[in-house]
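See below for the structure under consideration.
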Amino acid sequence: MISDLFFGYNTISFESCFTQLFTEHIFGGSEISLLLVMAYDCYVAICKPLHYLVIMSQRVCVVLLVLSCIGGFLHSIIQLSSIHGHPFCGPNVTDHFMCDMFPLLKLICTETYIIGIFLVADGGMICSFVFLLLLISYGDILHSLKKLSQEGR
């Protein structure tokens with residue numbers, strides 16, 4: 001992007017756009033999964049401190065890390081496979097400095113209403129599910145801290 005600003009070359013190929021979208025979604029999906037893993041780690045450390053080393057062994061930490069990467073990869077594949085096979089037509093120009101899903105969706109020739117709803121539902125479902133699990137985790141942490149005595153806190 002910086003070289004494009006210096007040289008005035010402000011076009012991107014579809015392959016580069018899809019690579020940028022894939023990278024954006026894999027890192028975003030992995031990041032939100034890691035946030036959930038960190039909340040679980042915090043839950044185990046606060047609510048079950050004597051069992052922490054048994055529950056959160058190195059093997060479990062590696063498995064949770066790999067699962068968060070797989071979750072980000074699957075999210076990215078689902079998002080990109082929904083628009084990859086469709087034909088693009090029109091001016092093939094978007095007024096954005098980076099490649100994003102919904103401006104790219106406007107360039108598809110076929111009907112995109114159903115695809116747009118699917119993309120929003122997929123992202124919304126993942127965010128809602130993770131947010132609900134975060135609320136449960138931190139709610140349980142706060143509930144367990146409320147039960148402790150003054151000296152225990």
Side-chain angles (χ1 to χ4, degrees), residues 1-48 52 55-145:
M1 188 171 105
I2 293 173
S3 66
D4 292 346
L5 290 174
F6 282 131
F7 298 119
Y9 183 74
N10 55 5
T11 60
I12 187 171
S13 67
F14 280 120
E15 292 84 16
S16 299
C17 181
F18 279 107
T19 302
Q20 187 178 18
L21 279 172
F22 180 79
T23 306
E24 175 186 335
H25 282 274
I26 196 168
F27 284 143
S30 297
E31 180 182 2
I32 199 165
S33 300
L34 280 176
L35 181 66
L36 192 58
V37 168
M38 288 171 26
Y40 177 70
D41 179 59
C42 197
Y43 165 77
V44 173
I46 293 174
C47 295
K48 302 174 190 281
Y52 181 78
I55 295 172
M56 294 300 290
S57 65
Q58 185 176 5
R59 183 170 185 256
V60 171
C61 290
V62 169
V63 166
L64 290 175
L65 176 68
V66 168
L67 285 177
S68 69
C69 291
I70 289 172
F73 180 77
L74 288 176
H75 168 69
S76 185
I77 290 295
I78 289 170
Q79 290 280 314
L80 290 181
S81 66
S82 62
I83 67 166
H84 186 264
H86 297 283
F88 292 94
C89 62
N92 291 339
V93 175
T94 61
D95 191 22
H96 295 272
F97 65 91
M98 65 178 283
C99 205
D100 199 14
M101 188 67 77
F102 289 102
L104 191 64
L105 200 61
K106 290 180 183 178
L107 299 176
I108 295 178
C109 296
T110 59
E111 182 63 37
T112 60
Y113 181 73
I114 300 297
I115 299 169
I117 289 176
F118 173 73
L119 293 175
V120 169
D122 177 50
M125 183 181 64
I126 290 172
C127 289
S128 299
F129 179 71
V130 169
F131 182 69
L132 180 67
L133 288 177
L134 285 173
L135 281 179
I136 291 170
S137 174
Y138 285 118
D140 201 17
I141 289 171
L142 290 174
H143 181 70
S144 70
L145 289 176

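Note: hydrogens, waters and symmetry copies are ignored here, and every other heavy atom, side chains too, is used.
To the nearest 0.5 Å, atom SG of residue Cys69 and atom CG of residue Leu64 are 11.0 Å apart. Note that the CZ atom of Phe129 and the CD1 atom of Ile32 stand 11.0 Å from one another [nearest 0.5 Å]. Rounding to the nearest 0.5 angstrom, the gap separating the CD1 atom in Ile114 from the OG atom in Ser82 is 12.5 Å. The distance from atom CE of Met101 to atom CG of Leu119, rounded to the nearest 0.5 Å, is 5.5 Å. A distance of 10.0 Å separates CG of Asp140 from CG of Leu145, quoted to the nearest 0.5 Å. Note that the CG atom of Leu74 and the CD1 atom of Ile126 stand 9.0 Å from one another [nearest 0.5 Å].
Using a 4.5 Å heavy-atom threshold, the side chains of Ile78 and His25 count as separate. Between Ile83 and Phe118, the closest side-chain pair of non-hydrogen atoms is not below 4.5 Å. Side-chain contact check for Ile136 versus Tyr43: every heavy-atom pair is 4.5 Å or farther apart. In this structure, Ser144 and Ile46 have side chains that are in contact, with non-hydrogen atoms separated by less than 4.5 Å.
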Start with the C-alpha distance between Met56 and Asp41, add both sets of side-chain angles, then the distance that settles side chain to side chain contact (heavy atoms under 4.5 Å, CB included), and finish with yes or no.
CA-CA 7 Å; Met56 294 300 290; Asp41 179 59; 3.6 Å; yes
Between Asp100 and Glu24, is the side chain to side chain contact (heavy atoms under 4.5 Å, CB included) condition met? List the steps.
CA-CA 9 Å; Asp100 199 14; Glu24 175 186 335; 3.8 Å; yes
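Side-chain N or O atoms of Ser30 include one that pairs as donor or acceptor with a backbone N or O of Ile26 at under 3.5 Å. A donor-acceptor pair is defined here as one N or O able to donate and one able to accept, closer than 3.5 Å; such a pair exists between the side chain of Ser76 and the backbone of Phe22. Distance alone, capped at 3.5 Å, places no donor-acceptor pair between the Ser137 side chain and the Leu133 backbone. Panel note: side chain Ser68, backbone Leu65; a donor-acceptor pair is recorded below 3.5 Å.
For the residue pair Tyr40 and Ile55, the shortest heavy atom distance occurs at OH-CG2, 3.5 Å. Between Ile141 and Cys47, the shortest heavy-atom distance links the atoms CA-SG, 3.9 Å.
For Tyr52, the OH atom is densely surrounded, since the number of other residues' heavy atoms within 6.0 Å is greater than 12.
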